[in-house]
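Okay, so here's the structure we're looking at.
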Amino acid sequence: MSAVQAPPSDLAPRVLSNDPSDHDVPHGREEEWRFTPIDKIRDFFAPGDWGTVAAASGEFVSVRPASADTSAVESSAQWVATDLPSALARTKAADVVSIDIPAEAQVADVIVVDLTAPAAANYGRIEISAGAFSKATVVLRLDMTSDISGILVTDVADQADLTVLTLYDGPRTSRHIWQWATTVGRDAQFLGLSIALGGSVIRLQQSVRYAGPGGSAELLGAFLAADEQFQEFRIFVDHNQPNCSSNVVFKGALSGESAHTVWIGDVLVRREATGIETYELNRNLLLNDGPRADSVPNLELETGDVVSAGHASATGRFDDEQLFYLESRGIPENLARQLVVRGFFVDVLAKVKDAELRDDVLRRIEERIGMEALEEQVSEDVQ
Amino acid sequence: MSTLEIKDLHASVVTDAGETPILKGVDLTVESGRTQAVMGPNGSGKSTLAYVIAGHPKYVVTQGSITLDGQDVLEMSVDERARAGLFLAMQYPVEIPGVSVSNFLRTSATAVRGEAPKLRTWIGEVKDSMAGLQMDPSFAERNVNEGFSGGEKKRHEILQLSLLKPKIAILDETDSGLDVDALRIVSEGVNKFTEETNAGILLITHYTRILRYIKPDVVNVFAGGRIVETGGPELAEVLEAEGYERFTDLAKA
Ligand SMILES: Nc1ncnc2c1ncn2[C@@H]1O[C@H](COP(=O)(O)OP(=O)(O)O)[C@@H](O)[C@H]1O
Ligand SMILES: [Mg+2]
């Protein structure tokens with residue numbers, strides 16, 4: 001397979017090829033790798049004798065042996081690997097976990113997929129397809145005791161409504177390098193929510209493109225980083241179709257001395273993408289002095305003929321006045337702190353319409369921030 | 001019967017530039033069933049006094065004492081002071097994004113009362129208190145102080161007062177920024193609270209207007225970080241007529 005050149009833009013990936021030999025080995029000074037602690041993930045750049053991520057088969061969920069040929073989901077989503085780790089995962093994963101929502105299916109229950117990793121280090125190939133006019137919510141729970149280099153390709157067909165929640169939980173030891181690419185069909189709706197709590201290194205590259213006009217994409221993220229944790233979220237929204245919308249909201253809370261998070265929000269509005277709406281926001285809350293939060297929004301407009309285009313980014317220190325106000329009402333400091341952090345994430349989590357799922361995520365976040373009691377806050381906000 | 005006793009209180013504000021003395025020897029006693037008004041010009045240190053009593057971390061006490069029924073308030077953390085029976089209705093209440101009023105009220109009532117209020121009676125309690133302050137029930141779903149108008153913020157402070165039922169309440173310029181209707185409603189809320197609980201009130205104000213609704217037993221004039229004159233309600237009328245100038249001069253002397 002030979003490399004093809006992507007259309008020229010500083011934001012779009014340059015090399016599109018599933019063949020690892022077409023990609024350079026990152027050295028850390030490239031724009032897309034400059035924030036990443038390369039030394040901690042060098043083994044992700046060479047083919048390894050790794051295991052493959054699996055999942056229990058079930059309704060909508062199946063596991064099939066991987067093949068070098070382009071899969072139906074890949075070709076429909078027009079997905080091709082954009083860098084060395086994604087090309088390696090594409091060629092080295094032995095199996096593909098595939099979640100298929102048939103056309104017109106209205107799946108009321110949340111489809112929960114527990115991904116399992118048999119080895120200490122694993123490749124992962126996940127595909128999610130939502131058929132035309134279908135509606136479903138998929139949760140991918142990622143085993144965080146192992147390292148994973150994975151690709152997740154999502155294809156949302158015309159007028160489908162798909163929510164995908166990925167949850168990175170578990171001890172602060174494993175490393176996750178993921179590429180998540182989504183294609184949104186004509187008048188389709190996609191909501192992708194990434195919750196990152198565990199891991200020593202999480203690097204998620206998430207991209208969205210549109211297969212027709214009228215599509216809507218919401219990319220949301222909630223992340224908590226403590227000491228020894230590095231988390232990087234690189235968003236690329238490729239507005240390549242007219243009258244589509246994108247809304248990107250990532251919120252992070254950082255604590256400890258050595259936590260480091262990175263959020264890159266690249267939005268490219270191509271010449272043909274007239275009448276679009278785009279907004280992206282990253283907010284980071286530093287719970288103490290010490291952690292580092294990098295935040296870089298990039299909006300590249302090739303047409304001025306848009307409905308709206310904006311971005312915002314802010315990193316702020318935990319507000320002691322809020323703490324004082326709550327404490328002056330008798331609320332002990334620890335609980336006051338948790339209330340404020342929880343409140344910080346509420347608007348992101350309120351987007352999760354399934355109450356049980358929302359509560360599960362909240363419970364996990366609360367465990368991380370040490371909160372005992374689950375309050376009815378978000379349920380109230382949604383009702 | 002409760003007594004908040006402030007003796008020879010000196011306090012400084014701590015900023016990056018260092019410590020600046022603000023309170024310069026305050027003596028004041030607030031008792032159950034009585035309302036002490038503290039009136040003074042802007043910048044005289046009224047809010048500093050209120051914050052120091054509540055335990056705001058930006059201020060340090062350099063001299064003197066504060067006790068509540070003989071217990072050393074200065075030894076207590078901010079939340080302990082609230083649980084001991086002190087309440088501060090703030091001049092500038094703080095926004096808490098993502099925390100709803102209902103969640104906040106229940107969490108603080110649980111903390112102050114030492115146990116979670118029974119859900120059924122609690123809902124009625126909140127509803128009645130809100131109705132008394134002419135607050136729409138939808139208010140409970142909003143985030144604490146976020147996007148509140150000046151009047152809504154002050155009503156929300158008095159709502160907390162009526163639910164947390166402190167022994168001694170400090171009201172820091174609860175009247176400022178209120179129109180006449182709102183002032184009347186808020187004052188009625190305070191009066192209802194004191195009638196029901198016999199709490200002591202430290203009423204801090206810049207204007208005499210609120211004293212038409214909340215009758216003080218004692219009026220103190222505050223200037224230059226201390227009380228420069230003490231009298232009965234008639235002292236407020238002197239201030240109304242003559243302004244603070246005479247007293248600010250007094251403070252400089
Ligand atoms: N947090 C603070 N930082 C800096 N200066 C302060 C702070 N709080 C109070 N001050 C100063 O202390 C003085 C008294 O302020 P304050 O107590 O707010 O007065 P009042 O409430 O009577 O208007 C003012 O000169 C004010 O500038
Ligand atoms: Mg003041």
Side-chain angles (χ1 to χ4, degrees), chain A residues 220 222 249 251-253 281 283-285 288-289 312 314 316-352 358 361-362 365-366 369 371-383, chain B residues 50-51 53-59 76-90 92-114 116 119 138 140-146 153 156-157 159-161 163-166 169-170 172:
Chain A
L220 308 172
V249 180
K251 286 190 158 190
L281 167 76
R283 280 199 58 209
N284 300 306
L285 181 64
N288 52 267
D289 293 328
R317 178 79 164 74
F318 188 86
D319 186 352
D320 290 330
E321 295 295 330
Q322 295 181 2
L323 203 58
F324 171 72
Y325 189 77
L326 294 170
E327 287 181 68
S328 76
R329 272 50 177 153
I331 300 169
E333 176 175 346
N334 202 30
L335 182 58
R337 210 168 257 283
Q338 288 158 352
L339 271 178
V340 172
V341 175
R342 211 184 121 91
F344 175 73
F345 285 113
V346 153
D347 54 348
V348 172
L349 295 172
K351 302 263 185 182
V352 179
R358 191 171 60 233
V361 172
L362 267 172
I365 289 180
E366 269 159 9
I369 56 178
M371 191 172 206
E372 307 291 356
L374 186 79
E375 318 278 356
E376 305 97 313
Q377 173 77 57
V378 170
S379 315
E380 286 165 13
D381 286 0
V382 168
Q383 280 155 16
Chain B
Y51 278 137
I53 298 169
H56 195 293
K58 257 198 213 151
Y59 304 90
M76 301 179 196
S77 61
V78 176
D79 53 311
E80 282 169 353
R81 295 178 197 205
R83 294 199 297 273
L86 294 175
F87 178 85
L88 168 60
M90 293 189 201
Y92 303 110
V94 183
E95 294 184 7
I96 321 261
V99 177
S100 70
V101 167
S102 66
N103 184 23
F104 164 67
L105 293 176
R106 196 165 153 80
T107 306
S108 46
T110 302
V112 166
R113 297 178 190 183
L119 204 56
S138 66
E141 270 96 67
R142 293 171 66 185
N143 290 335
V144 173
N145 292 319
E146 208 177 42
K153 281 184 182 163
H156 181 232
E157 294 293 288
L159 174 64
Q160 295 167 54
L161 175 75
L163 292 169
L164 300 180
K165 300 195 186 356
I170 304 148
D172 189 4

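Just so it is clear: chains get the letters A, B, ... in the order the sequence lines come, proteins before strands, and each one is counted from 1. Here the structure is a predicted model, which is why all the values come from computation and not from measurement.
Interface residue B/Glu95: only backbone heavy atoms are found under 4.5 Å from chain A. For B/Pro166, no part lies near chain A; criterion is any non-hydrogen pair under 4.5 Å. Contacts of A/Phe344 with chain B are made by backbone atoms alone, with heavy-atom separations under 4.5 Å and no side-chain atom involved.
Between A/Leu326 and B/Val144 the shortest side-chain heavy-atom distance does not fall below 4.5 Å. A heavy-atom distance below 4.5 Å is not found between the side chains of B/Glu80 and A/Pro332. In this structure, B/Val94 and A/Phe324 have side chains that are not in contact, with every pair of non-hydrogen atoms separated by 4.5 Å or more. Side-chain contact between B/Arg81 and A/Ser328 is absent, with no heavy-atom pair separated by less than 4.5 Å. Under the 4.5 Å side-chain criterion, counting only non-hydrogen atoms from C-beta, B/Thr107 is in contact with A/Leu335.
A distance below 6.0 Å separates the ring centres of B/Phe104 and A/Tyr325.
The two residues B/Ala82 and A/Glu327 come nearest to each other via the heavy atoms CB-O, 4.1 Å.
A salt bridge links B/Glu157 to A/Arg329: one of the charged nitrogens lies within less than 4.0 Å of a carboxylate oxygen.
Rounded to the nearest 0.5 angstrom, A/Ile331 CD1 and B/Thr110 OG1 are separated by 9.0 Å.
The choice from B/Met90, B/Lys58, B/Arg83, B/His56 that makes the most heavy-atom pairs within less than 4.5 Å of chain A is B/His56. Most heavy-atom pairs under 4.5 Å with chain A: of the set B/Ser77, B/Ala111, B/Pro57, this distinction falls to B/Ala111.
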Would you sort out whether A/Leu339 and B/Asn103 count as a side chain to side chain contact (heavy atoms under 4.5 Å, CB included), showing the intermediate values?
CA-CA 10 Å; A/Leu339 271 178; B/Asn103 184 23; 3.8 Å; yes

